[in-house]
Amino acid sequence: MIGIVIVSHSAKLAEAADQLARQMVGDTAPPVRLAAGAGTDPDGAAVLGTDATAVASAIDELAAEGADGVLVLMDLGSAVMSAELALELRASEVPVRLAAAPFVEGLLAATVAASAGAPLDAVAREAAGALGAKTAHLGEEGEADASPSATETPAAPEADALTRRFVLRNPLGLHARPASLLAGIAGSGDARVTVRRPPDGSPVSAASMTSLLALGAAGGAEVEFAVSGPDAESVLARIAELVDDGFGELDGADAAPAAGERAGEPSAPAAPVEPAASAFATSAPAAPADGLLHGRGVSGGRAAAPVARLAAPLAEPEPAPPLPEQQREAEAARIAPAAERVAEALRERAGRAAGEASAILEATALIALDPELASMAESSVSDRGLTADAAIWEAAAGYEQALAALGGRMAERAADLRDVRDRIRSELAGVELPGVPDRAEPFVLVARDLAPADTVTLAESACVALVTELGGPTSHTAIIARSLGLPAVVGVAGALGLDEGAVVLVDGDAGTIDAHPDAEAVAHAAERAEALAFDGRGATADGVTVPLLANVGGPDDASAAAAANAEGVGLFRTEFCFLDRRTAPTVDEQAEAYRGVLAPFAGRKVVVRTLDAGADKPLPFANDDDEENPALGVRGLRIARRNPALFDDQLAALARAASASDADAQVMAPMVATVEEARFFAERCRAAGLATVGVMIETPSAALLARELLEVVDFVSLGTNDLTQYTMAADRMVADLGELSDAWQPAVLRLIGAVGTAGRDAGKPVGVCGEAGGDPELAPVLVGLGATSLSMTPRALGAVAARLAAYTLDDCRRAAAAALAAGTAQEARAAAARELAEAASR
Ligand code: PEP
Ligand code: MG
């Protein structure tokens, strides 16, 4: 038997950890000694600390009791040194291993392994790998030996092994207690037991609690055991009994007949589970007695709403024989009305949307109504007998080619054309449009998985939570959900079986979906969502104010932002007011639009960005050039320098609107790369009567010159969308480059950090107004890097505020330092999360 010594600064901590571990194994707990605390002070209060002689005595006591080996687990710092010194002080010769393992998880894993009679090396390995399950679950790369594979090499079962598959019946599946029970059985008797997740999971030793946990098998998951050796049959029978009993975690209704089990033949490949054998084996709504579906919660929060499924993409039309002449007229006549209905629906949505979204939808409606598109398609039906569906497909393809040949900005319209094409085809077929459903009412989006393109439209949709059958913690679904502050659960077996339209309750913290929530639970979720509403004051836990502002595209957005309690506007994208214009708006027209944005923010700050035309936001009247590479072309402030009249008109309009308003109107320039540009901008703005002037930091050059720029202007604002695009040389419009288009990339973080430092030194504000500013995960890091305000889509305000309020400025700085030191985006995320988790536990 292997003995365990627990070394901790705190006797209470050691006792509690020991107690927790004992619960895993009950009577079979290995001998344990505590060497914790440094005695008591004269008043009898416990003194925190460790004592090497106490550790040495504990080892000697276990040796005297006949332990074959001793594993020493330590909490931190001097505990490690005391344990090392104890190896020299001890009198006994018993083999001792010091475990470089997480204290609590390591102790649990070691206790389970030792109670199953594992030798010292195996017990130490189990402890060292104990973080594997947690890191796998949270999707963070473990350090050193933390991954389960480091402790448990996948082992092929013996050829003559008895195999049997089970569906886990208890709601929580293989969590710590069931895993410890299974490991206990697998480690007892003369049998070798492996377990895997069919159909293609690798087998791991079932005697390893950490490997069992790392399987991530939730309630309803299928697992396959393979047992060999003289005691194989009895061990398998005990496992069957345990699983059948739901590890003792079934109550009443759960304890129905053992539907979860399925026998395989010795040494024969295990048969697949018949759907009838388990409610979880198919996409039918999995219905364990607790009514919950389980997956991996990747974005916290709770929301309840009717299910809306992501409609499948439309396939390319199949080649078909020409329609008979007599059918063609009626078929062709279907096209124009379908296109009109599409345009009507788009316009109706435009009416509901505001600013940017509204303008885009209006423009898309115009494409749908393009008479050329319909008449080309109608001719193909009449002349060649194509179906309306195939004809629209072909007409759109012809147009697309023509646009692609034009290159530059026009080529970018091809995506809008494809969108219109699919809308008309869906209308013709009477099916739901592919992608995120277009609903006015809130819904829970349920999908097998989301494509990057689907996630782009989520921000503007009424989606309140995400559930997917596939996906992991680092999938784009998870990332976008977190960035939008939407509760999300991924990897949910049976999700697609949820009934369309049925109200479900998604709990992103617990990783569950309640398919039949009661009215009280639904109301409670609504209350919690309301609690996440922003109260109008962004601050860290220690009261450092971080104004949380809104990004807006026009007067409607501004009103909505004010209603959401935004503390001001951190970015008013003025170009969004004029996306549909072919000619420049007059000073009067502009002043009118700007007044509409300033009005709801009397007494508060509104940062107005001058026209950022070009690349993803073409404005024909500002730049009609046919550029090879518009993102690197004449855009943003570069247009102002080329067309000073347009620029001066805008400044005049702004000054007029500002003087007629009580808002604190500030102005900033997009796409600045040099100090000369900033100087030019500041001089013109001040000459126009606009006192507070800033520039956006969107190019690496501007980030590196932040110190010099801040000598010229009053503030800077980080446009992390473009800063990431230009730093990573990754077009922000290309969904496939998602991994590069990530503000967590260390190069981007370091540039942000450099700007933060420059701002601190200059004593001037550093805002963030790119998407990163509204990412609750990133918010504390940005503040730690020196951001003094964050600007975002109003729906993110509550989640960002809640996150910031949980940490002090020092916590944020520690998280920022950890992220800055990382070599990859994923490591930066993990490092910051670790620091913040530690801060939260302090
Ligand atoms: C940015 O680049 O981060 C930004 C806020 O500007 P836009 O997204 O309008 O380019
Ligand atoms: Mg930008």
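Read the numbers this way: they start at 1 and go in the same order the structure lists the ligands and their atoms. In this text the structure is predicted, and so the values were computed from the model without any measurement.
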Could you tell me which non-hydrogen atom of M696 sits nearest to which non-hydrogen atom of A702, and how far apart they are? O-CB, 4.4 Å

Short side-chain donor-acceptor distance under 3.5 Å, D742 and Q745: no

Report yes if some N/O of E575 lies less than 3.5 Å from some N/O of ligand 1; otherwise report no. no

How far apart are the C-alpha atoms of F572 and F601, what are their side-chain angles, what is the distance that settles it, and do they pass the ring pair (Phe, Tyr, Trp, His ring centres under 6.0 Å) test? CA-CA 12 Å; F572 168 22; F601 287 97; over 10 Å; no

N551 contact mode with ligand 1 (heavy-atom cut-off under 4.0 Å): neither

Decide whether the shortest distance between a heavy atom of R609 and an atom of ligand 1 is less than 4.0 Å. yes

Name the orientation class of the two ring planes belonging to F680 and F647 (parallel below 30°, tilted from 30 to 60°, perpendicular beyond 60°). parallel

Which of the numbered atoms in ligand 1 are below 4.0 angstrom from a heavy atom of L571? 5 (C)

Under 4.0 Å, heavy-atom basis, I'd like to know which part of R573 is in contact with ligand 1: side chain, backbone, both or neither. side chain

Looking at D761 and R707, is any side-chain nitrogen of the basic one under 4.0 Å from a carboxylate oxygen of the acidic one? yes

Should L619 and R635 count as side-chain neighbours, where that means a heavy-atom distance under 4.5 Å? no

When every non-hydrogen atom of N551 is compared with those of P794, the smallest separation belongs to O-CD, 4.3 Å

Just heavy atoms, cut-off under 4.0 Å: does M671 contact ligand 1 by side chain, backbone, both, or neither? neither

If you look at every heavy atom in F681 and M668, which pair is closest and at what distance? CZ-C, 3.3 Å

C769: numbered ligand 1 atoms lying under 4.0 Å from its heavy atoms: 5 (C)

Counting backbone and side-chain atoms alike, does D612 have an N/O/S atom under 2.8 Å from the Mg ion (ligand 2)? no

Of the backbone atoms (N, CA, C, O) and the side-chain heavy atoms from C-beta on, which set of D612 has a member under 4.0 Å from an atom of ligand 1: side chain, backbone, both, or neither? side chain

Which bit of M696 is near ligand 1, meaning a heavy atom under 4.0 Å away: side chain, backbone, both or neither? side chain

So which of the N, O or S atoms of D722 lies nearest the Mg ion (ligand 2)? OD2

Could you tell me which N, O or S atom of E698 is nearest to the Mg ion (ligand 2)? OE2

